[in-house]
Amino acid sequence: MRKPIIAGNWKMYKTFDEAVEFAEAVREKIPSEDKVDSVICAPALYLPTLVDIAIETDLAIGAQNMHFENEGAFTGEISPAQLSAINVDYVILGHSERREYFNETDEAINKKVKAALSHGIVPIICCGETLEEREAGQTEAKVSSQVKAALEGFTDEEVKHMVIAYEPIWAIGTGKTATADDANSVCGKIRETVGGLYGSDTAESIRIQYGGSVKPENIEELLSKEHIDGALVGGASLNVDSYLALLNSVR
Ligand SMILES: O=C[C@H](O)COP(=O)(O)O
């Protein structure tokens with residue numbers, strides 16, 4: 001039985017005061033971590049404060065990106081060592097916005113996954129197809145090649161602790177959600193890909209989220225599907241009531 005994981009991705013939203021207000025409002029209302037892993041991935045400059053607010057609660061804090069080197073002359077970047085030193089638990093890697101606007105490659109993402117694991121940070125590895133790729137029948141090939149590239153060179157145990165987020169790019173921030181059956185089918189293919197690389201035990205253990213216009217109104221149906229173990233949520237994670245409703249949708 002895989003524990004659901006619901007992660008909010010705040011992207012480049014919220015001022016510092018808004019972030020603090022949100023974390024203070026939700027911290028005592030997070031469902032038990034025995035039931036669901038509840039994560040907020042916030043802009044980097046808020047992370048130390050949010051980690052402090054979330055300490056000794058069931059809320060976990062994540063970053064939205066990081067470099068793969070521990071230190072160096074990389075202006076503007078943040079390292080895995082810096083994130084782990086402030087007790088950040090998760091990091092989103094390879095989000096489609098990073099791939100598209102910041103030229104992140106599969107190779108860099110693979111290095112980042114390695115770096116995250118070596119610092120005890122759980123990577124949330126994103127994959128997903130464009131509308132053109134979907135219409136050309138290339139969804140499975142695209143997603144599977146992204147997953148293979150990101151997961152190259154690990155042990156079974158390491159892979160079991162990763163999280164994969166399937167986010168069809170055409171469903172991000174558009175209000176269009178993949179149907180629960182379509183999302184489940186692609187998440188099932190991702191599981192098969194992981195199984196082909198690391199065996200069925202690992203495939204059954206790794207958690208796969210769906211992301212793309214997830215809201216309190218559609219999360220229950222998504223979570224009811226066999227291969228969907230949670231959600232990576234943008235817009236609907238920015239509001240206290242809606243974030244808590246997403247978490248409380250886990251039965
Ligand atoms: O990382 C989150 C996704 O990009 C989904 O964003 P959204 O829920 O606003 O569609």
Side-chain angles (χ1 to χ4, degrees), residues 4-14 18-19 22 26 36-44 46-47 50 59-66 88-102 104 109 112-113 116 121-131 133-134 139 142-143 146-147 150 162-180 182-184 186-187 190 207-223 225 228-250:
I5 170 165
I6 306 215
N9 174 12
W10 281 357
K11 308 192 179 185
M12 200 172 69
Y13 291 101
K14 290 197 184 292
E18 288 165 351
F22 179 105
V26 301
V36 53
D37 283 329
S38 308
V39 187
I40 286 291
C41 297
Y46 307 157
L47 294 174
L50 296 183
L59 177 63
I61 302 299
Q64 299 174 10
N65 177 39
M66 62 171 207
V88 165
D89 292 317
Y90 293 86
V91 62
I92 298 172
L93 296 177
H95 191 281
S96 59
E97 289 150 16
R98 302 265 352 142
R99 292 180 193 255
E100 183 179 353
Y101 306 128
F102 302 95
E104 265 194 27
I109 293 159
K112 291 181 181 199
V113 175
I121 301 170
V122 177
I124 298 177
I125 305 159
C126 301
C127 60
E129 83 286 2
T130 61
L131 187 57
E133 288 162 340
R134 168 158 287 240
T139 299
K142 171 70 180 292
V143 162
Q146 288 179 324
V147 168
M162 298 176 187
V163 177
I164 295 177
Y166 166 56
E167 299 204 311
I169 295 168
W170 50 271
I172 297 176
T174 58
K176 291 182 194 156
T177 324
T179 66
D182 272 358
N184 184 52
V186 181
C187 290
I190 293 172
R207 293 183 293 175
I208 304 175
Q209 300 173 308
Y210 168 77
S213 298
V214 176
K215 304 181 265 297
E217 297 74 39
N218 59 21
I219 193 168
E220 282 195 35
E221 192 189 359
L222 289 160
L223 291 183
K225 300 294 173 187
I228 303 179
D229 306 316
L232 181 58
V233 188
S237 73
L238 291 166
N239 171 276
V240 167
D241 292 340
S242 144
Y243 179 67
L244 290 173
L246 292 164
L247 305 182
N248 287 317
S249 69
V250 175

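The structure displayed is predicted, hence computed values, not measured ones. The figures that follow rest on heavy atoms only: side chains count, while hydrogens, waters and symmetry mates do not. Both ligands and their constituent atoms are indexed starting at 1 by order of listing.
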State whether the shortest distance between N or O atoms of Asn9 and N or O atoms of ligand 1 falls below 3.5 angstrom.
yes
Starting from atom 8 (O) of ligand 1, find the nearest protein heavy-atom neighbour and note its residue, name and distance.
Gly234 N, 2.9 Å
In terms of residue, atom name and distance, what is the protein heavy atom nearest to atom 2 (C) of ligand 1?
Glu167 OE2, 3.1 Å
Would you mind running through ligand 1 and noting each atom that sits below 4.0 Å from a heavy atom of Gly212?
5 (C), 10 (O)
Cys126 near ligand 1 by a heavy-atom separation under 4.0 Å
no
May I have the step-by-step check of side-chain contact (heavy atoms from CB on, under 4.5 Å) for Ile40 and Phe22, ending in yes or no?
CA-CA 10 Å; Ile40 286 291; Phe22 179 105; 3.9 Å; yes
Per-atom contacts of ligand 1 with Ala171, taking only distances under 4.0 Å to non-hydrogen atoms:
10 (O)
Paired with Ile6, the side-chain contact (heavy atoms from CB on, under 4.5 Å) test is passed by just one of Asp229, Val36, Leu232, Val214, namely Val36
Judged by atom type as modelled, is there a donor-acceptor pair below 3.5 Å linking the side chain of Lys112 to the main-chain atoms of Met66?
yes
Atom 9 (O) of ligand 1 has as its nearest protein heavy atom Gly235 N, 2.9 Å
Here the gap from Lys142 atom NZ to Ile169 atom CD1, rounded to the nearest 0.5 Å, amounts to 5.0 Å
Heavy-atom contacts with Gly173 under 4.0 Å: which atoms of ligand 1 show up? List them by number with element.
7 (P), 9 (O), 10 (O)
Give a yes or no answer on whether the side chain of Tyr90 reaches the backbone of Ile92 with a donor-acceptor pair at less than 3.5 Å.
no
Look at ligand 1 and say whether Lys11 reaches it with a heavy atom at a distance under 4.0 Å.
yes
Side chain Ser213, main chain Ala171, donor-acceptor under 3.5 Å
yes
Between Gln146 (side chain only) and Gly128 (backbone N and O only), is there a donor and an acceptor less than 3.5 Å apart?
yes
CD1 on Ile164 to CD1 on Ile190, rounded to 0.5 Å:
6.0 Å
Any Ala236 heavy atom less than 4.0 Å to ligand 1
no
Check for me whether Gly211 has a heavy atom closer than 4.0 Å to any atom of ligand 1.
no
Which segment of Ala165 sits under 4.0 Å of ligand 1 when only heavy atoms are counted:
neither
Judged by atom type as modelled, is there a donor-acceptor pair below 3.5 Å linking the side chain of Lys14 to the main-chain atoms of Leu238?
yes
Flag Leu232 as yes when one of its N or O atoms lies below 3.5 Å from any N or O atom of ligand 1, and as no otherwise.
no
